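Values in this document were obtained by computation on a predicted structure and should not be read as measured data. Counting from 1, the numbers follow the sequence of the chain as shown.
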Amino acid sequence: MSLALTRRRFMATAAAAGTIPFIGAPTARAQATGILTFGLSSYPPSFAALQSTGTAAGTVKLMIHRGLLGYDKAGQLRGELAEEWGVDDAGVWTFKLRDNAVWHDGRPVTAADIKWTIESGAAPDSAAAYKTPLQLIEKIEMPDDKTVKLTFSEPFATAETLFAHYNMPMLPEGSDDEGLVGAGPFKLADRERGVSIDLVASENYYRPGLPRLAGIKAVAYADENLRVAALEAGDVDLIEYVPWPAMGAIDDNPSLTLDVVEGPFMYLTFNGSRKPFDNKLVRQAIAHAIKREDVVDAAFFGRGAGLAHLPISDASPFYNPQYADAWAYDPEKAKALLAEAGHPDGFDCTLLSTAQYGMHTSTAEIAQAYLSMIGINVTLDLPDWATRVQKGNAGDFDFAVMGTSADSNDPDGIARLIDTSLPTSFVRSANLDLPDIPKLLAEGRATFDSEARKEVYEKLEGIAMDEVPLVGLCWRAQGYAFHDGVSGFKNLPGQLTFYSGLTLEETALS
């Protein structure tokens with residue numbers, strides 16, 4: 001793919017989305033429509049820009065930061081700090097920065113900033129979510145202040161989705177660990193820890209006329225019922241994580257809009273350092289022991305579907321129908337697998353989840369009930385979300401309930417969930433040695449031909465069905481809700497739902 005071809009694709013996409021800024025267009029900062037109050041599902045455990053600490057934190061990052069690339073409302077890649085990008089025949093990726101990209105403090109965004117961000121994320125002591133792929137970049141060249149050329153140690157076909165992720169924003173050279181100075185549409189004005197975050201429109205944002213809001217007040221409502229009540233009372237304009245029991249009532253309210261997509265999913269992760277979860281037969285037994293329809297009904301009020309394989313949608317060209325029911329509910333098979341593993345009478349263990357999100361609690365309770373039927377006695381550990389993240393990142397659990405979305409709609413988007421060579425993280429299993437999985441993920445990442453990639457991921461999924469790096473439970477509907485006075489906000493499609501904060505730059509209040 002040449003740079004010119006990528007540029008044309010970008011221009012066509014931007015034109016369709018109406019995002020190309022026209023020369024001479026008024027900045028329209030005076031047309032800003034006031035302060036939008038956003039009901040977050042939790043206060044971010046951390047503001048560290050390059051770390052993964054949950055979707056509420058990701059939403060705040062998308063207010064403050066921008067990466068090299070991003071997504072439009074249709075879920076298509078578009079340029080952010082990079083106006084043009086592409087890869088040459090040698091596999092070298094080139095990113096041309098916008099001339100008008102400026103940090104919140106007024107300094108121009110330069111190639112040196114991009115180089116510094118990448119090197120910081122790849123540093124040995126880094127806690128960056130994408131430390132491992134960043135370490136594959138063996139050379140960073142800066143032909144001029146607005147051009148960055150990246151040479152990977154091996155072909156890297158998924159660089160676009162890497163640099164579009166909200167956990168891969170760019171930062172000014174020399175930023176501290178939090179990195180609260182960004183190049184996004186809003187800048188931090190104030191915060192009350194555990195309660196709220198105040199942001200104001202950036203006068204330096206590179207898209208003329210945006211943002212359309214004067215600012216955003218993000219208020220944490222850990223109790224999902226209070227979050228809905230605040231929306232209904234008009235205390236907030238927009239909420240994330242609409243609880244599934246409330247979706248019907250919100251949809252029926254003529255003054256509210258419910259925007260729902262399917263794409264996120266629920267699953268179980270394991271700690272291989274805690275016996276007997278190091279045994280794949282035990283993991284297989286658990287995969288066959290849980291009736292997924294009951295998770296959908298109990299946790300999501302029927303708004304979802306069972307997931308008995310890796311979270312690759314049947315709408316994806318990489319979907320493998322032969323694995324659709326690989327982990328189908330089969331309690332007798334589960335009992336036989338436990339006996340084969342040396343646990344005919346089951347065992348005692350603890351399941352980590354959280355009380356902060358009803359879906360996590362309900363999923364844990366269903367898992368507990370079904371596992372008891374095959375002799376596994378489960379005690380639930382239900383801390384708040386911040387503690388649940390901390391325990392997951394520390395590997396302080398036996399096995400755990402998790403829910404998230406893939407990084408993109410590409411199969412490589414689930415790499416961070418199943419790559420057992422990555423550092424311990426709350427989003428994936430810990431201390432499992434499954435070398436074939438990272439090997440095949442790397443092969444898929446290095447393959448540009450789509451048919452060849454399909455073969456790689458089919459082989460990978462077959463190994464995953466046997467090794468069980470995670471247990472898929474169900475797909476779930478994911479919703480935002482807002483008052484009719486809110487316009488311009490969009491829930492992005494499929495696996496990109498947690499990127500929806502990108503559209504806050506176009507959001508307005510009537």
Do [X] and [Y] have side chains that approach each other closer than 4.5 Å (heavy atoms only, starting at C-beta)?
| X | Y | result |
| --- | --- | --- |
| Leu268 | Leu470 | no |
| Ile197 | Val60 | yes |
| Phe397 | Phe270 | no |
| Ile239 | Tyr221 | no |
| Trp385 | Val389 | yes |
| Asp198 | Arg191 | no |

Going by atom types alone, do [X] and [Y] pair a side-chain donor with an acceptor below 3.5 Å?
| X | Y | value |
| --- | --- | --- |
| Glu461 | Asn320 | yes |
| Tyr130 | Asp407 | yes |
| Thr350 | Asp381 | no |
| Asp330 | His288 | no |
| Asp484 | Thr257 | yes |

Ring pair (Phe, Tyr, Trp, His ring centres under 6.0 Å) partners of Tyr323, counting only residues at least two apart |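 Result, ring pair (Phe, Tyr, Trp, His ring centres under 6.0 Å) vs Tyr323: none returned.
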Go through the steps to decide whether Asp278 and Lys275 satisfy the test salt bridge (charged side-chain N to carboxylate O under 4.0 Å, His left out), and finish with yes or no.
-> CA-CA 6 Å; Asp278 59 331; Lys275 292 183 178 297; 2.9 Å; yes
Give, for atom CG of Asn393 and atom OG1 of Thr53, the distance between the pair rounded to the nearest 0.5 Å.
->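 It comes to 9.0 Å.
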CZ-CD distance between Phe152 and Gln135, expressed to the nearest 0.5 angstrom |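 It is 12.5 Å, given to the nearest 0.5 Å.
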Is it true that a side-chain atom of Trp327 and a backbone atom of Met465 form a donor plus acceptor pair closer than 3.5 Å?
->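 Such a contact is found between Trp327 side chain and Met465 backbone.
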For the salt bridge (Lys or Arg N to Asp or Glu O under 4.0 Å) test, which of Arg445, Lys454, Arg453 pairs with Asp410?
->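 In the set Arg445, Lys454, Arg453, the residue that makes a salt bridge (Lys or Arg N to Asp or Glu O under 4.0 Å) with Asp410 is Arg453.
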For Ile374 against Ala334, the heavy-atom pair lying closest together =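 So the minimum-distance heavy-atom pair works out to CD1-CB, 4.0 Å.
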Which heavy-atom pair separates Glu192 from Tyr43 by the least distance, and what is that distance?
->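 Of all heavy-atom pairs spanning Glu192 and Tyr43, the closest is O-CE1, 3.6 Å.
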For atom CG of Asn431, decide whether the heavy atoms of other residues, nucleotides or ligands shown that lie under 6.0 angstrom number more than 12.
->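 Yes.
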Glu80 vs Arg78, salt bridge (charged side-chain N to carboxylate O under 4.0 Å, His left out): CA-CA, chis, key distance, verdict | CA-CA 7 Å; Glu80 293 295 344; Arg78 72 174 186 183; 2.7 Å; yes
Per the side chain to side chain donor-acceptor pair (under 3.5 Å) rule, which among Gln356, Glu224, Glu240 passes with Ser41?
->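 Checked Gln356, Glu224, Glu240 against Ser41; only one passes side chain to side chain donor-acceptor pair (under 3.5 Å): Glu240.
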Just say parallel, tilted or perpendicular for the rings of [X] and [Y], cut-offs at 30° and 60°.
| X | Y | answer |
| --- | --- | --- |
| Tyr499 | Tyr71 | perpendicular |
| Tyr241 | Trp244 | perpendicular |
| Phe277 | Phe347 | perpendicular |

Apply side chain to side chain contact (heavy atoms under 4.5 Å, CB included) to Lys490 and list each qualifying residue two or more places apart in sequence or on a separate chain.
->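 Lys73, Asp259, Leu492, Thr503.
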